[in-house]
Number of protein chains: 2
Amino acid sequence: MDIQATNIPAVDASGPDVVGIEATPDAGVQHCLQLLGNAGLRPTRQRLALGQLLFLNGHRHVTAESLYEEAMAANAYLSLATVYNTLNQFTEAGLLRRIAADGIKSFFDTDTSVHPHFYLEGEDMLVDVADGLAFTKIPEALPGHEIARLDVIVHLRRKRT
Amino acid sequence: MDIQATNIPAVDASGPDVVGIEATPDAGVQHCLQLLGNAGLRPTRQRLALGQLLFLNGHRHVTAESLYEEAMAANAYLSLATVYNTLNQFTEAGLLRRIAADGIKSFFDTDTSVHPHFYLEGEDMLVDVADGLAFTKIPEALPGHEIARLDVIVHLRRKRT
DNA sequence: ATTTGTGCAAATCGTTTGCATCTGA
DNA sequence: TCAGATGCAAACGATTTGCACAAAT
């Protein structure tokens, strides 16, 4: 079935959901409403739909394009431009973290903590590094500056056989 | 004065050079010719000009645009497309390392070793991290893959006063 | 002579923006 | 009501590409 189409927590006695909303849909919607409220963003239909896709399914790595297609598949009608705008707003609000893996497109990570990623060059995919990378020291920022972000990206390529 | 315009090491008894060619121009040209030869790239006028700008002035971080302007300033006539092509060829040949700092444009680093960078968000500049960052462990690549590259970028922003 | 590189402009790709319309507070 | 959001299409900036011409082996 479709994701919530209104910002009013609708009564919805549905079964398994294609977009992965958890057992009690209302709880998910409530959670998203709260995230939007805290961020000072109006709970519009579009933002709520994207919020549900992003924040009710564990940690995720999406691109604007992939999220847009996912929304279409879930029958959430919105434009690609709105997806871009919303991703930027969510990022500004600290709900997402933007990751520039390859210099072509941006990924958005629902895990906003500082953690390293694998970037699979052929597949154009971003994957969390389970463990195995640690710093002993983090550098001082240059005078007059502060650290805004620390990106660690391990580029992987298919091993040639 | 201008950078060498031919691939034949010309006798050139000039003084200080705007593009920073070292005291003995011939040596620089020879060095570039050798780099190109090792890379299996024909020593064309354009590649030699860009090679001199890139490899005779210590380690550098350039963008296609900045290198193009530099070449224009040095009276090396070539097109922006050629700069892009050449940077890609040099990168493929292992003479340069591509760095995706912000997801908008690419930087190219003449230091091809694995080392961390500061990216100054406001100024859109890339700077080497002098020291202060060290790994204790590097992760295993995923099965069937190998590590192609390890990018560490510390994003800095101007401290608000 | 044959292969390879160059230049230009057009094409492409990801992303942003202007503006008219709509919607939530 | 009225600020704030959306949708669309056009604008955009970085990069790549197709093709005719030029230069290197």
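In the text below, chain A, chain B and the rest are named by the order of the sequence lines, each starting its count at 1. The shown structure was predicted, so the numbers you read here are calculated from the model rather than taken from an experiment.
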Tell me which nucleotide among [options] gets nearest to the side chain of [X].
{"X": "Thr44(A)", "options": "dT6(D), dT25(D), dG7(D)", "answer": "dT6(D)"}
{"X": "Pro43(A)", "options": "dA5(D), dT15(C), dG24(C)", "answer": "dG24(C)"}
{"X": "Arg98(B)", "options": "dT15(C), dG7(C), dT16(D)", "answer": "dT16(D)"}
{"X": "Arg45(B)", "options": "dG7(C), dT16(D), dA5(D)", "answer": "dG7(C)"}

Rounded to the nearest Å, what distance is computed from the [atom1] atom of residue [X] to the [atom2] atom of nucleotide [N]?
{"X": "Asn85(A)", "N": "dG7(D)", "atom1": "CG", "atom2": "P", "value": "10 Å"}
{"X": "Leu80(B)", "N": "dT17(D)", "atom1": "CG", "atom2": "P", "value": "15 Å"}
{"X": "Tyr68(B)", "N": "dT16(D)", "atom1": "OH", "atom2": "P", "value": "17 Å"}
{"X": "Lys105(A)", "N": "dC13(C)", "atom1": "NZ", "atom2": "C1'", "value": "9 Å"}
{"X": "Glu65(B)", "N": "dC12(D)", "atom1": "CD", "atom2": "C1'", "value": "14 Å"}
{"X": "Asp102(A)", "N": "dT16(D)", "atom1": "CG", "atom2": "P", "value": "11 Å"}
{"X": "Arg47(B)", "N": "dA23(D)", "atom1": "CZ", "atom2": "C1'", "value": "11 Å"}
{"X": "Leu41(B)", "N": "dT6(C)", "atom1": "CG", "atom2": "P", "value": "9 Å"}

Reckon [X] has a side-chain N or O less than 4.0 Å from the OP1 or OP2 of [N]?
{"X": "Gln46(A)", "N": "dT23(C)", "result": "no"}
{"X": "Thr63(A)", "N": "dG14(C)", "result": "no"}
{"X": "Tyr84(B)", "N": "dT15(D)", "result": "yes"}
{"X": "Asn88(B)", "N": "dT16(D)", "result": "yes"}
{"X": "Ser106(B)", "N": "dT15(D)", "result": "yes"}
{"X": "Ser79(A)", "N": "dG7(D)", "result": "yes"}

(request) Tell me what Tyr77(A) touches on the nucleic acid: a base, only sugar-phosphate, or nothing, going by heavy atoms under 4.0 Å. (result) sugar-phosphate

(request) Check Ile99(A) against Arg149(A) and note the closest heavy-atom contact, atom names and distance. (result) CA-NH2, 4.4 Å

(message) Looking only at side-chain N and O atoms, does Asp128(A) offer a donor or acceptor that is under 3.5 Å from a partner on His61(A)?
(response)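 Yes, a side-chain donor-acceptor pair sits under 3.5 Å.
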
(message) Both Ala81(B) and Ile104(A) contact DNA chain C. Which one's nearest nucleotide lies toward the 5' end?
(response) Ala81(B)

(request) Nearest-nucleotide wise, let me know which of Phe108(A) and Val83(B) is further upstream toward the 5' end of DNA chain C. (result)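 The residue mapped nearer the 5' terminus is Val83(B).
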
Taking C-beta and beyond as the side chain, do [X] and [Y] meet within less than 4.5 Å on heavy atoms?
{"X": "Leu126(A)", "Y": "Asp109(A)", "value": "no"}
{"X": "His145(B)", "Y": "Glu123(A)", "value": "yes"}
{"X": "Tyr68(A)", "Y": "Leu78(A)", "value": "yes"}

(message) Can you tell me how the ring of Phe90(A) sits relative to the ring of Phe55(A), calling it parallel under 30°, perpendicular over 60° and tilted otherwise?
(response) tilted

(message) Looking at Arg42(B) and dT3(C), is any side-chain donor or acceptor paired with a base atom of the opposite kind under 3.5 Å?
(response)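 Result: at least one qualifying N/O pair found.
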
